[in-house]
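A quick write-up on the structure given underneath.
Remember, it's 1-based here, ligands and their atoms both numbered in the order they're listed.
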Amino acid sequence: MKVYIGSDHGGFELKQELLKLWPSMLNIPTQTNLSDVGCFTNSSTDYPDLAENVCTRIINDYMSQPKIIASEDAFAYNSLGILVCGSGQGMAMKANKYAQIRAALCWSPEITALAREHNNANILCLPGRFLNSSVAIEMVRVFLTTPFAKGRHALRVEKI
Ligand code: RB5
């Protein structure tokens with residue numbers, strides 16, 4: 001599985017922390033390949049541009065798969081994303097403009113689990129100015145390891 005991570009300046013510090021903590025994620029039960037798509041300094045930048053970097057990569061990867069439907073398990077997908085800005089809000093708004101993206105603004109491991117189980121979220125949006133790195137890395141772990149519950153949730157996700 002590929003994981004793309006992006007942030008603006010508001011999420012830069014938390015993204016750097018997550019990149020540092022990433023090796024501790026290597027024992028999750030799936031092989032992940034992390035790719036940082038920017039920003040690369042804490043200079044002011046526009047969050048829609050970084051959201052686009054992550055979303056277009058995920059969509060390109062999806063296009064190379066034979067068939068993608070919402071009811072499939074996340075692990076059938078070859079890519080997931082993590083977007084961090086100050087509040088997480090702008091990243092979620094931009095990412096959800098893409099039909100293939102279901103971006104979830106989350107603030108706890110429990111909300112993150114529900115975003116995977118019920119909504120089959122393929123992007124985790126984090127509020128970088130409001131989360132400490134230990135909570136955030138646990139949210140990332142939950143995001144990458146919680147399967148979609150399918151069943152009645154699949155019908156609802158298909159209606160999105
Ligand atoms: C940047 O100051 C801030 O607006 C941005 O990081 C994000 O919170 C937008 O939703």
I'd like to know if the side chain of Lys15 and the backbone of Cys39 have a donor-acceptor N/O pair within less than 3.5 Å. yes

Side chain of Asp46, backbone of Pro48: donor and acceptor closer than 3.5 Å? no

Run the numbers for me: atoms of ligand 1, each under 4.0 Å from some heavy atom of Asp8, listed by number. 1 (C), 5 (C), 6 (O)

Mind checking whether Met91 has an N or O less than 3.5 Å away from an N or O of ligand 1? no

Check each heavy atom of His9 against ligand 1 and say whether those closer than 4.0 Å belong to the side chain, the backbone, both or neither. side chain

Side chains of Val142 and Arg116, heavy atoms from C-beta outward: is any pair under 4.5 Å? no

So CD1 of Ile137 and CG of Leu18: to nearest 0.5 Å the spacing works out to 5.0 Å

Taking only non-hydrogen atoms of Gly86 and a 4.0 Å limit, the atoms of ligand 1 in range are 5 (C), 6 (O), 7 (C), 8 (O)

re atom 10 (O) of ligand 1, the protein heavy-atom contact at minimum distance is Gly90 N, 2.9 Å

Less than 3.5 Å apart, any donor N or O on the side chain of Tyr4 or Asp36 sitting next to an acceptor on the other? no

Which of the listed options, Gly128, Gly11, Ser87, holds the heavy atom that is closest to atom 8 (O) of ligand 1? Ser87

Output the list of atoms in ligand 1 that are nearer than 4.0 Å to some heavy atom of Cys85, sorted by atom number. 6 (O), 7 (C), 8 (O), 9 (C), 10 (O)

Any sub-3.5 Å donor-acceptor pair from Asp8's side-chain atoms to Thr45's backbone N or O? no

Where does Arg129 meet ligand 1, judged by heavy-atom distances below 4.0 Å: at the side chain, the backbone, both, or neither? side chain

Any salt bridge (charged side-chain N to carboxylate O under 4.0 Å, His left out) pairs touching residues 56-65, not counting sequence neighbours? Lys2-Asp61

How close does the nearest protein non-hydrogen atom get to atom 4 (O) of ligand 1, and which residue and atom is it? Tyr47 CE2, 4.6 Å

